[in-house]
Structures are given as C-alpha cells and as structure tokens.
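Positions are given from 1 along the sequence.
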Amino acid sequence: MLILLGVILVLVVALAVVLGIFLTRETAAEPENEAAPAGDCLASSLRITADPAVAGALEAIVDDLTESRSDCPDVTIKTEDSSVTAEALAAGSEPDFDVWVPDSAMWPARAAGQAELMGVDAADLEVGAAIASTPIVFAATEPTAAALDAEGAGFASLAARTVAPVLPDPSSVSASSAALLALQTALAGDARAFTTLALGLDAGVVPTADEALAAASVATAPTIAVTTEQAVREFNEDAATPLVPVYPADVKPAVAVPIVTLAGASEETRAAVEALSTAVADGGDHLAEHGLRDAAGSAPEPTSDGTDGVVAASDLTDGVNQAAVLRTWQILTAPSRMLSLNDVSGSMFQLATADMRRIDLFEQAAVRAINSLSTDSSLATWVFSSQRIGAQDWQEIVPFGPLSDAAHKQRTIDTANNLDSLVGGGTGLYDSVLAAVKYMRETYVPGQVNLVLLNTDGYNEDDEGLDLQGLLTELEKLRDPAKPVAVIAIGYGPDTDQAALEQIAAATDGAAYQALQPTDIGTVLIDAVTQRGCRPNCG
C-alpha cells in the first residue's frame, strides 16, 4: 500500500511539472503572437500635413512601413501647400497635425515671424532634422543651358542680363526665397546691387514653378526658370520641350525638407516621429522616385545630366535667413505710395551749368524717376516755398493717383516739366515736411511703401514756423513702426543744409542724399527712388 501511494505521489508531481512547463510555454507564446514585429508599427497614430513636393514619397514610405497590417496605429497624410499651412499658423490657427513636413525650413520661420509681427499667439513649433532635399537650378532649353554652362553662369552673373530669369512667386514658392538668399550671398551682401537685381527679377515673377518652366520652354530669347531639380524632372515627364537643369557656378543652394512637430508633443508622438524619420532615411528609393535627394544632398545614382554630384541642402538655420530675405523682397517689390515734396523757392532759378538752372535739371530728373516706378505705384506731387497759400508753405499740385492710369501719369509728368512756373519765395522747409508726413500717416495704405520724397536745394528760411528741433520732436511723436512713413531727402547743390536733412531722414528711418554736381542730380534721384524699399539698410 505504501508503495502504491509513493508511486501515485511521484506521478502527481511529474504531472504537475509537465503541466507547469506546458502552461509556461503557452503563456510565453501568447505575447509573441500579439506584438507587432519590430519596426513595422509606429508607437502612436500620426496626423501628418505634408507639402505636395514630399507627400507622395511619404505615402509610399508609410505604406512600406506598415505593409498590409491592419493593427497598427493610424497614420494619415494630408497634402497642403506649405505657404497655406504657414499662413494659417501665422494667423494663430490651431494646428490640425501632429507632424508638419513643409518643403523648406523657411516656412516655420516665416510663420513664427509673421505671427510676431501681427502680435498673434501662434503654435510653438520644433523644427527637426532634414529628411530630404533638392537643389536650386536654372532650367533652360538645351542651347541656353549649353551657353550658361560654357560661361560658368551663377547668381551673380544675372546682373549681366544675358538671360531673362523667370521666378516663381517667392511668397508661395520656397525655392525662390532660397534663390534670393543665394543671390544676396553671391553679391556679398551688397544691398544696392541686390535691390537692383531684385527689382529686375520682379518683372519676371509668375505664380507657380510650372508656369516658370513653361515660360522658359517656349521663350524665343534666352530664358531661365529659377526652380528646383525636382520641379524640372517632374516637368520633363510630359514636356514637349524638355528643359536642362543648370547648376549655378557660384552659390549652390538647395532646400532642405524638415520634420516639424509641436513643442508639447507627447513621448509617444516623438517616438513615432523618430521612427518615421528613420524610415525616410532608409527610403531613398521612394525619395528618388519623386525627384528628391536624401538629406545629405546625394543623388540616388549617377546620371548623365550632372546631378550625380552632392549638392548639400541648406542648413536648417537658413530657414530664418530665407524668411528674412523674403521679407526684404516683399518690401522692395511692394507698390510705392510716394508723395513727392518739391522745393520751388527762388534759389531753384540759380544756374547749375552754363545754360541750365537747378530747376531745369530737376525737371529732367523727375520725369526719369516717374518713369522708373512700376505701374502699381501711386504718386502725388506737392511743392513748397514760403507762404504759398496764406501762411501755409506747401501746396498740393497733383493728388494721389495710380501710375497705371495713363491720364494721371501724364499729368504728373507734365507737372514735373513745368515746375519752373511755380518758382518763387523762400524755403519753408520744416513746416512742409511735417505736413507731408502727417498727411501720409493719416492716409496710410497697408501693403505699400508709404514715403515722402523730399527734394530741396537750400535750408529752412521760415522764421515763423517750426525750427529743426521742433520738427524732430513732432516727427518722433508720429513714429509708428507698424505704419512707417520714411522721408528720403535729396539735397541739390552746395547750399543745402545737409546736416538737417540727415536728421530728418534718421527720425523717420529714411535716408539723405546730396547731389553736389549738376550731373549728380539725375543719378541721385533715380537711386533714391529705386532704393526706397531697403531703407534704412541699403548700405
């Protein structure tokens, strides 16, 4: 009996051990069946807003990441132009994404800068590492491309005007802001040269990259579209006349595509973003399929068109510089609203040359200046001398009107040609300047360069009005950085109180010029008009 009990006890223990081993194995196997294989699923769901330039590649990479699995957290990709997303963020809109992939680091910087200017409390963004890039190129037909390559053309050589550049609108196309920064760099920061070229480029601005490429492909004169390597490749897929990308010889810009997250993102979101970034880094084939290079700027494989070289993408901090140069561009190319305040005191009848008076030279220069302004500008003409209307020193001759109105432009030119008929009296300078600035402040037009162009050959002779310190005090009261009205002052001849003009200009963030020689008058006036947008930092 004891032996039988011992055998039963041994069997029970053995059975327990066997069952224990079996249950242990089953328990260990269950998690293995439920867990996703490493790298297939992201740590959390993601809502991605991506620019069209990168959305297709991202969709392919995400599809590869999850393959046919249905149990991974959702990843949704919304395609939206970066400029649209940036504008919404700048206006204070609540982000509807966890991740934003713009086509350039310029857009987050742009959104933050615009929000600050408008006093808007915008979302706090974190700009992560670049995940892709594409170089900026000059796209041209084969003959033009061959000529550009032969001469080693670059951004600085645009000044020679041997080709007509077509630029997609910089306010909505990031490649153009990168190109403007490259132009500024190629010119070694020369603000005057940059302004001249920027104003020249403005004539060739079109809304989109496709329109720029189409214009270059049908142009009869040598023409280039300033755009990205990716845009050229996409255009050539269906183009009747394919274009050749020419890589600038001096500055070689390339836009970097970053991953942008919200500053308050959860750890799960950050982990998912990191996994996505890794997947993109491993997804070079998909980037190449959509015309993009990797973050380092390397082409996926050698090609016959010169794209096998590495073109390093701009540093992400360049996004801030691109946003700044875009702001400069918009100021330079904004329509002018200019009040021309002209000295018609008796001294303007003094001879400047053997056969020409000061007023004669000024009239000629004024007509040239009017013709240098774009048709979307508006212009008014005032004159001043002492007591023109009772005790008032200033007088409106031509009210504001658009230069696109042929009748207004002609009336303005006719007035400039006949200023000599208005000459007489002393120089009622300070009261006239204050009246002009007040008027411009009271009638300020947002989105335009509002300024007073002061032309004088003397110094204040009105003892009954303001003195210089009184004028400066009043100008300081009128200062409003949100509604700037600059005075650009030009002194003609050796009798000008240039020190006073410089103080007046400084008080309004303007600039003061002096034309000492008769031949300087035309040059200085044209320079003052064309430099209006970069004041006070034109150099």
Side-chain angles (χ1 to χ4, degrees), residues 338-373 379-389 392-398 410-436 451-463 465 468 471 486-505 510-532:
M338 183 185 299
L339 192 161
S340 180
L341 181 63
N342 305 299
D343 185 348
V344 289
S345 60
S347 58
M348 290 294 282
F349 272 154
Q350 290 185 17
L351 288 176
T353 67
D355 57 355
M356 295 192 76
R357 303 166 297 181
R358 291 176 182 174
I359 192 66
D360 300 324
L361 290 173
F362 174 73
E363 287 174 348
Q364 292 180 2
V367 172
R368 287 179 56 206
I370 293 165
N371 286 324
S372 75
L373 291 170
L379 188 64
T381 304
W382 287 16
V383 297
F384 69 94
S385 57
S386 56
Q387 300 180 343
R388 291 202 65 83
I389 304 175
Q392 179 179 299
D393 294 335
W394 64 94
Q395 179 182 2
E396 179 185 79
I397 304 300
V398 182
Q410 189 57 53
R411 181 183 176 190
T412 302
I413 290 173
D414 290 343
T415 298
N417 277 323
N418 290 285
L419 287 175
D420 58 320
S421 66
L422 302 173
V423 171
T427 308
L429 177 61
Y430 299 153
D431 286 352
S432 300
V433 169
L434 181 60
L451 61 88
V452 174
L453 180 64
L454 169 63
N455 303 285
T456 182
D457 75 332
Y459 53 90
N460 186 67
E461 296 175 323
D462 184 358
D463 295 332
L468 177 59
L471 171 60
V487 174
I488 296 180
I490 306 176
Y492 297 101
D495 301 329
T496 305
D497 188 349
Q498 198 64 24
L501 296 185
E502 289 174 359
Q503 291 180 71
I504 291 168
Y513 293 83
Q514 187 170 24
L516 289 173
Q517 301 299 321
T519 52
D520 294 339
I521 292 178
T523 302
V524 166
L525 183 54
I526 294 293
D527 192 43
V529 169
T530 56
Q531 301 295 326
R532 76 211 185 287

Between the side chains of Gln410 and Asp414, is a donor N or O closer than 3.5 angstrom to an acceptor N or O?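 There is such a pair between these side chains.
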With heavy-atom distances below 4.5 Å as the criterion, would you say the side chains of [X] and [Y] are in contact?
X	Y	result
Tyr492	Asn455	yes
Asp393	Tyr430	no
Thr412	Thr415	no
Asp495	Gln350	yes
Ile488	Tyr513	yes
Leu468	Ile504	yes
Asp343	Thr427	yes
Val344	Ser385	yes

Once rounded to the nearest 0.5 Å, what's the spacing between atom [atom1] of [X] and atom [atom2] of [Y]?
X	Y	atom1	atom2	result
Leu454	Leu429	CG	CG	6.0 Å
Ile490	Gln514	CD1	CD	11.5 Å
Ser386	Asp431	OG	CG	11.0 Å
Met348	Asp420	CE	CG	10.0 Å
Phe362	Thr456	CZ	OG1	10.0 Å
Thr381	Leu419	OG1	CG	7.5 Å

Do you know the tightest heavy-atom contact between [X] and [Y]?
X	Y	answer
Ala512	Ala505	N-CB, 3.9 Å
Asn418	Glu363	C-OE2, 3.7 Å
Phe384	Gly428	CD1-O, 3.5 Å
Ala436	Leu341	CB-CD2, 4.0 Å
Glu461	Gly426	OE1-CA, 3.1 Å
Ala416	Ile370	CB-CD1, 4.2 Å

Arg388: what forms a salt bridge (charged side-chain N to carboxylate O under 4.0 Å, His left out) with it, not counting sequence neighbours?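 Once residues adjacent in sequence are excluded, Arg388 has no partner under the salt bridge (charged side-chain N to carboxylate O under 4.0 Å, His left out) criterion.
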Any donor-acceptor pair under 3.5 Å from Gln395 side chain to Ile389 backbone =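 Checked: no pair found.
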Go through the steps for Trp394 and Val433 under the test side chain to side chain contact (heavy atoms under 4.5 Å, CB included), then give the verdict. CA-CA 9 Å; Trp394 64 94; Val433 169; over 6 Å; no
side-chain hydrogen bond (donor to acceptor under 3.5 Å, both in side chains) filter on Asp457, not counting sequence neighbours, yields Ser347, Arg358
